[in-house]
2 protein chains.
Amino acid sequence: MTPSAKVDQQHSMEPRDHGQHDHGACVLSALERARTAFGDKGIKLTPLRQRVFEEIAGSHDALGAYEVLDRMARKSGERLAPISVYRAIDALLAAGVVHRIESKNAFFACHAPHQGQERHIALVCERCQTVIEVSGADIFAAMETASAACGFKLSLAVAEGSGLCPACATLPTIAQATGMVTQP
Amino acid sequence: MTPSAKVDQQHSMEPRDHGQHDHGACVLSALERARTAFGDKGIKLTPLRQRVFEEIAGSHDALGAYEVLDRMARKSGERLAPISVYRAIDALLAAGVVHRIESKNAFFACHAPHQGQERHIALVCERCQTVIEVSGADIFAAMETASAACGFKLSLAVAEGSGLCPACATLPTIAQATGMVTQP
DNA sequence: TACCGAATGATACATCATTGCATTAACGGG
DNA sequence: CCCGTTAATGCAATGATGTATCATTCGGTA
Ligand SMILES: [Zn+2]
Ligand SMILES: [Zn+2]
Ligand SMILES: [Zn+2]
Ligand SMILES: [Zn+2]
């Protein structure tokens, strides 16, 4: 990846928010759920943790820890040590309000209810980077079945995917119609 | 993880090979399958790629790229640049003879036939580190179903697990019987 | 021979994450 | 209020993982 491409990837010019979606309200409600989750678990939602959470929830992307760091530094002018962000993220993970995407070494804010103990999987859009969560009960059940069938005692399961989100999945037809090609 | 624990994790004192298993033959057959896979795909199995593959296949663990590097350096006395190992691993991945475990940033040699297009998932033993592959057709089908149900066009799916392999899963009963405790 | 493309070597750098220890904030019992 | 305890943060260094860039080598080929 070239340095210039890297700049373009700061998630600023992405085709996020395909029209609808009140983002201010979306972030506020995420924050409210976070307060509840921290309260329920007896963990403290400190100012630092809240700032980190707002940064992650403020994007619907999965952000790397250093990306969070950069964004916070740009806003406040002060650069935290990486460990501070990692510690805050650990608390957010423990509270269940952010999740980690193993295949990207990145973190995203949970916008799913996770009511009960239902497991979800994360789906990452390759075009707009948006992460969505979908119920994964059948998937984890199948993993349990496949493991048990060979005598493996499964204790931790990871499942995640990437592709095109519903909004982006409809766009390639436009590229085709206009004669756009992917390889010059 | 403590530094001393790190040393213990060099995969040398692990309870690998719970009795049976002719490892020399196992590695040779893996190498033979690798030659075939490279031939089929029109990629060259160069000496460097073969050395890297032997190092990975010689362990039934998933090895990090730098662990491969260290082992090769210990054997030959010459230390490659990391990029050389990564490039070799890229070729091995392309040939399909090793797989990556996203949740560990590590690579293991494929010992499964993968006949046809059948997808497998990797299961990592938390005690002996052995990686096994099991058929994942149902799992990937469930991921496809869950994605399609919400309009997501899935193009890449990751599923992997950790826990206790069949051999290790039978051992904890011994620890219990002898009054062993996990927390002093 | 000259050329080309694939593979490798070599240096430096980028990105991801943790260890260790000092300092500060929060909270409850005297 | 003072003190002791614990959680949280600050700070410096380092470890662990992965890539960019350019030079060199090597095998085939016109
Ligand atoms: Zn939003
Ligand atoms: Zn999208
Ligand atoms: Zn073997
Ligand atoms: Zn085991």
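By convention in this document, chain letters (A, B, ...) are assigned in the order of the sequence lines, proteins followed by strands, and residues within each chain are numbered from 1.
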**Q** Considering residues at least two apart in sequence or located in another chain, which fulfil the ring pair (Phe, Tyr, Trp, His ring centres under 6.0 Å) criterion with A/Phe108?
**A**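 Result, ring pair (Phe, Tyr, Trp, His ring centres under 6.0 Å) vs A/Phe108: A/His99.
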
**Q** Restricting to pairs with a member in residues 139-153 of chain A, which pass side chain to side chain donor-acceptor pair (under 3.5 Å), not counting sequence neighbours?
**A** none

**Q** Starting at the 5' end of DNA chain C, which residue's closest nucleotide do you reach first, A/Phe107 or B/Ala81?
**A**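 Here B/Ala81 is the residue nearer the 5' end.
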
**Q** Given the rule that I, L, V, M, F, W and Y join up when any side-chain heavy atoms are under 4.5 Å apart, are B/Leu45 and B/Ile56 in one cluster?
**A**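 In one cluster with B/Leu45: B/Ile56, yes.
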
**Q** Please report the distance, rounded to the nearest Å, between CG in B/Asn105 and P in D/dT19.
**A** 10 Å

**Q** Taking all heavy atoms of B/Ala91 and all of B/Ile43, pick out the closest pair and write down the distance.
**A** O-CD1, 4.5 Å

**Q** Within the structure shown, what part of the strands sits under 4.0 Å from A/Ala65 by heavy-atom distance: base, sugar-phosphate, or nothing?
**A** nothing

**Q** Whole Å only: how far is the CZ atom of B/Arg79 from the C1' atom of C/dT8?
**A** 17 Å

**Q** B/Leu80 has an atom CG; how far is it from atom P of C/dA10, in whole Å?
**A** 9 Å

**Q** Among residues 34-44 of chain B, which ones have heavy-atom contacts with DNA chain D below 4.0 Å?
**A**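 Within this stretch, nothing sits under 4.0 Å of the strand.
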
**Q** A/Glu67 has an atom CD; how far is it from atom C1' of C/dA17, in whole Å?
**A** 17 Å

**Q** Residues two or more places apart in sequence or in another chain: which of them pass ring pair (Phe, Tyr, Trp, His ring centres under 6.0 Å) with B/His111?
**A**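 In terms of ring pair (Phe, Tyr, Trp, His ring centres under 6.0 Å), with neighbours along the sequence ignored, B/His111 is linked to B/His60.
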
**Q** Measure the distance from CZ on A/Arg51 to P on D/dA8 and round it to the nearest whole Å.
**A**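 In whole Å, D/dA8 P and A/Arg51 CZ are 17 Å from each other.
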
**Q** Rounded to whole Å, how long is the line connecting atom OH of B/Tyr66 with atom P of D/dG18?
**A**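 Value for this atom pair: 8 Å.
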
**Q** Any salt bridge (Lys or Arg N to Asp or Glu O under 4.0 Å) involving residues 82-102 of chain B? Give me the pairs, sequence neighbours left out, ordered by first then second residue.
**A**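 Listed once each, the pairs are B/Arg100-B/Glu102.
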
**Q** To the side chain of B/Thr46, which of C/dA7, C/dA10, D/dG18 is closest?
**A**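 Per side-chain heavy atoms of B/Thr46, the pick is C/dA7.
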
**Q** Does anything in residues 83-103 of chain B reach DNA chain C, meaning a heavy atom under 4.0 Å, and if so which residues?
**A** B/Ile83, B/Ser84, B/Arg87

**Q** Just the rounded figure in Å: distance from C1' of D/dA8 to CG of A/Leu45.
**A** 13 Å

**Q** Between atom CG in A/Leu48 and atom P in C/dA26, what is the gap in whole Å?
**A**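 So the CG-P distance, A/Leu48 to C/dA26, works out to 13 Å.
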
**Q** Among the clusters formed by ILVMFWY side chains lying less than 4.5 Å apart, do A/Val27 and A/Leu63 turn up in the same one?
**A** no

**Q** Taking a hydrophobic cluster as the set of Ile, Leu, Val, Met, Phe, Trp and Tyr residues connected by side-chain heavy atoms closer than 4.5 Å, whether directly or through intermediates, do A/Val68 and A/Val98 fall within one such cluster?
**A** yes

**Q** Of the nucleotides D/dT9, C/dG9, C/dA17, which has the atom closest to the A/Arg49 side chain?
**A**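 Nearest to the side chain of A/Arg49 among the choices is D/dT9.
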
**Q** In the single-linkage hydrophobic clustering (I, L, V, M, F, W, Y; side-chain heavy atoms under 4.5 Å), do A/Ile121 and A/Ile101 co-cluster?
**A**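 Unlinked, A/Ile121 and A/Ile101 end up in two clusters.
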
